[in-house]
Amino acid sequence: QVRLTELGGGLRQPGGSLTLACVASTRTSSIYAMGWFRQAPNNKREFVADITMNGGTTNYAESVRGRFAISRAGAERTVYLQMNSLKPEDTAVYYCAARETAVSVYDYWGQGTQVTVSS
């Protein structure tokens, strides 16, 4: 019901910056919030940040707070993740996600995009 397409990803040196984008497409479903998760090799997928599409309320994992910023373009149903002061531990596949209500789980997922932070 919801198709999510991630744009961006790539290689950056430690301390660098990178912006990801996610475009949501749906004809019948509503979207309450969109967010970003990441999964490093041999690790479980973890929450990074999310934002409500209406009010723009944001949440961040403590590991990225102050370094990453999530924003939205409501009319275009696009969410961005601006990543600054990148660290090697930020290396992961980043997934865009969406949910329909405030209490539902994130059950719509993008394909994922690789972010690598290395010297």
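What you see is a predicted model; the values in this text were computed from it and never measured.
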Practice task
For the residue pair Leu18 and Val115, establish whether any side-chain heavy-atom pair is separated by less than 4.5 Å.
Solution key: yes
Exercise for the section: Indicate whether any N or O donor in one side chain lies under 3.5 Å from an N or O acceptor in the other, for Gln39 and Tyr94. Expected result: no
Practice task
Please name the residue in the list Thr58, Thr57, Asn59 that meets the side chain to side chain donor-acceptor pair (under 3.5 Å) test with Asp50.
Solution key: Asn59
Handout entry: salt bridge (charged side-chain N to carboxylate O under 4.0 Å, His left out) between Asp90 and Arg12, worked out
Key = CA-CA 10 Å; Asp90 295 320; Arg12 291 292 187 275; over 6 Å; no
Practice task
Determine whether Glu89 and Pro14 make a side-chain contact, defined as any pair of heavy atoms from C-beta on separated by less than 4.5 Å.
Solution key: no
Practice task
Can you see which heavy atom on Trp36 is nearest to which on Cys22, and at what distance?
Solution key: CZ2-CB, 3.6 Å
Practice task
Report yes or no: do Thr113 and Gln111 form a side-chain donor-acceptor pair below 3.5 Å?
Solution key: no
Practice task
Following the transitive rule for hydrophobic clusters with a side-chain heavy-atom cut-off under 4.5 Å over Ile, Leu, Val, Met, Phe, Trp and Tyr, establish whether Leu4 and Val93 coincide in one cluster.
Solution key: no
Problem - Joint cluster assignment, Val79 & Tyr32, ILVMFWY side-chain distance < 4.5 Å - result: no
Handout entry: Main-chain N/O of Ser119 paired to Gln13 side chain as donor or acceptor, under 3.5 Å
Key = no
Practice task
For the residue pair Arg38 and Glu46, establish whether any side-chain heavy-atom pair is separated by less than 4.5 Å.
Solution key: yes
Fill in the blank from the handout: Rounded to the nearest 0.5 angstrom, the OG1-CG distance for Thr91 and Asn43 is 11.5 Å
Exercise for the section: Identify the heavy atoms of Arg72 and Asn54 that sit nearest to each other, and give their distance. Expected result: NH2-O, 3.0 Å
Practice task
Measure the shortest side-chain to side-chain distance between Met34 and Tyr106 over non-hydrogen atoms and say whether it is less than 4.5 angstrom.
Solution key: no
Practice task
In sequence, state the C-alpha distance, the side-chain angles, and the governing distance for Ser29 and Gln1, and then conclude on side-chain hydrogen bond (donor to acceptor under 3.5 Å, both in side chains).
Solution key: CA-CA 6 Å; Ser29 299; Gln1 296 183 9; 2.4 Å; yes
Exercise for the section: May I have the step-by-step check of side chain to side chain contact (heavy atoms under 4.5 Å, CB included) for Met83 and Leu20, ending in yes or no? Expected result: CA-CA 8 Å; Met83 302 181 290; Leu20 307 179; 3.8 Å; yes
Handout entry: Side chain proximity check, Phe68 to Val48, heavy atoms < 4.5 angstrom
Key = yes
Problem - Hydrophobic cluster membership, Leu81 vs Trp109, 4.5 Å side-chain cutoff - result: no
Problem - Atom CZ of Arg65 with >12 non-hydrogen neighbours under 6.0 angstrom - result: yes
Practice task
Count the heavy atoms of every other residue, nucleotide or ligand shown that sit under 6.0 Å from OH of Tyr60, and state whether that count exceeds 12.
Solution key: yes
Practice task
Assess the pair Phe47 and Phe37: is the distance between their ring centroids shorter than 6.0 Å?
Solution key: yes
Problem - Arg45 side chain near Tyr95 side chain, heavy-atom distance below 4.5 Å - result: yes
Exercise for the section: Determine whether more than 12 heavy atoms belonging to other residues, nucleotides or ligands lie under 6.0 Å from atom CD of Gln82. Expected result: yes
Problem - Shortest non-hydrogen contact between Ala98 and Ile31, atoms and distance - result: CB-CG2, 4.2 Å
Practice task
Keeping the roles fixed (side chain from Ser25, backbone from Arg3), state whether a donor-acceptor pair exists under 3.5 Å.
Solution key: no
